[in-house]
Amino acid sequence: MPDSTVRRTTWAASRPVSRRDVLRLGGGALAIGALAACTPGGDASPSPGASGTPSWTPPAEPMRLPDGFVLGAATSAFQVEGSTTADGRGASIWDTFAAQPGNVRGGATGDPAADHYRRWEQDVDLMTGLGLDGYRFSVAWPRIQPTGSGPVNRAGVDFYRRLVDRLLERGVEPAVTLYHWDLPQPLQDRGGWAARDTAARFADYAAVVFDALRDVPGPWLTINEPKTTAYVGYGSGYHAPGVSDVDQMIAAVHHQLLGHGLAVEAFRASGASGRVGIALNLQPVYAAGPGAQDAAVRADAVENRLFLDPVLRGTYPDDAIGDEPGQIRADPGVLDALVQDGDLATVSAPLDVLAIQYYGVTGVDVSGQNVQLYPTSDAPWQQLHPEGMYETLVRVRDDYPGVPPLVITENGIPDRTSEGTTDDAERVEFLRAHLQQVARAVDAGVDVRAYYAWSLLDNFEWAEGLDQRWGLVHVDFETQERTPKNSARWYADVVAQRAVPPA
Ligand code: IFM
């Protein structure tokens, strides 16, 4: 199975491909381009273009971003808030999952994470100190509806109301994600995303939040990375809720997308005037060697089209599920049986914005196995290839005519050390290289409106616990002291100059 299915799960088993291996595979321009990739700290010479696109050299002058382009940073509730039992918050699947020994590295839990629930004012000051235009955060469903349905917990609503008010007052545009993986545990006890009813419960919850924060202009994002929730939460079981069942995984795909569509309906019904969309993690899939093209096309269906097609076209691709290399190994009838009349019309309700999260690319060999074609970051699933950002943006524009304006809601890299550092030259080069590709896409006519670096703060990195630090700002988890890393200072300059400087 392709990349996100095995994300953080089978890396020890998947043999990295060496330079010699790739050349032996006969990948030609693909292989050589891959190994000379423009990656942080790597060879800056132009790559032949792994996917066949012409190579590109960044200009010697700064690349300007359009007026009104939002440069921000992102977090999510469970990863930063802590205070998991404060003010009536209910339990989420991540509370349950993290409490089980062995599920999260170092035994870390959501408490205190970055203690943002109590330090949010200081964190808004941090954002304004960096001059950020926007802040993307998520609302914790268990703070709003502690049991996932029914009565609303006022204290939870008030927390986000205060945060939004302060952001608006300070001129930082809020981008609100409704679901970033913290499903209320009582809903999981009734089947979670494998159960159709969860989609309806999600729309009810969304309506509460739309009503409470109706003056937020957006972007509003319904669901964050439905692919990761389905494949890693219900497929490999490496994430909460820890289920490993391919039929439930496929059900989680459909029910999250249905929940998204129902939430968009609720958004329109609420009369809110902002912009609404969904946040999809996408990645180019490259064939690793001759003969792998068909497997790569199927893997692309699994990684990208299984989410893009229903949302933007109202159809599911017919090559994502089956028993061919690159596919999700299941009976395609499983998905067909889940889709009821009218579902796809709901899922494909017109959007105001499409959010893309870009971390890297993947390679697939003839048997459909994952292949490492590019150097990875400290997160072994992250194959670094900045040009993939450009390819993804152009591809979405070209393959989905009528796609709404794009925003990039996540892009980032972990520190090379879990010890914590503010000297993060690698992140500076990562951000530079990826922002150049964003500017390049804008120059090529792609309507991209915003970019949010992942993440504002070092935080709870899911099954990796506190060991992977993705923040622009270092957090000492003992003292909760915040210290901007060099990348934060570099990014603040980009925001101030409205341009990406050359290396
Ligand atoms: O930290 C996560 C985030 O929650 C979702 N997207 C990927 C990030 C890095 O793994």
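In each ligand, atom 1 is the first atom listed, and ligand 1 is the first ligand listed.
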List ligand 1 atoms under 4.0 Å from [X], heavy atoms only on the residue side.
X: Trp381; result: 10 (O)
X: His180; result: 3 (C), 4 (O), 5 (C)
X: Glu461; result: 1 (O), 2 (C), 9 (C), 10 (O)
X: Glu225; result: 5 (C), 6 (N), 7 (C)
X: Glu410; result: 3 (C), 5 (C), 6 (N), 7 (C), 8 (C)
X: Trp462; result: 1 (O), 2 (C), 3 (C), 4 (O)

Closest to atom 8 (C) of ligand 1 (heavy atoms only, candidates Trp181, Trp470, Tyr359) is Tyr359

Applying side-chain contact (heavy atoms from CB on, under 4.5 Å) to Asp309 and not counting sequence neighbours gives Arg305, Arg313, Thr315, Pro317, Tyr400

**Pair Trp462 + Tyr238: ring centers closer than 6.0 Å** = no

Q.
For His239 together with Trp94, are the ring centres under 6.0 Å from each other?
A. yes

Check: Is the side chain of Gln383 donor-acceptor paired with the backbone N or O of Leu373 at a distance under 3.5 Å, no angle test?
Finding: yes

Residues at least two apart in sequence or cross-chain that pass salt bridge (Lys or Arg N to Asp or Glu O under 4.0 Å) with Asp158, listed by chain then number, are none

(Q) Test your reading of the structure: does Trp454 have an N or O sitting under 3.5 Å from an N or O of ligand 1? (A) yes

Q.
Quick test of your reading of the model: are Arg395 and Asp399 salt-bridged, counting only N-O distances below 4.0 Å?
A. yes

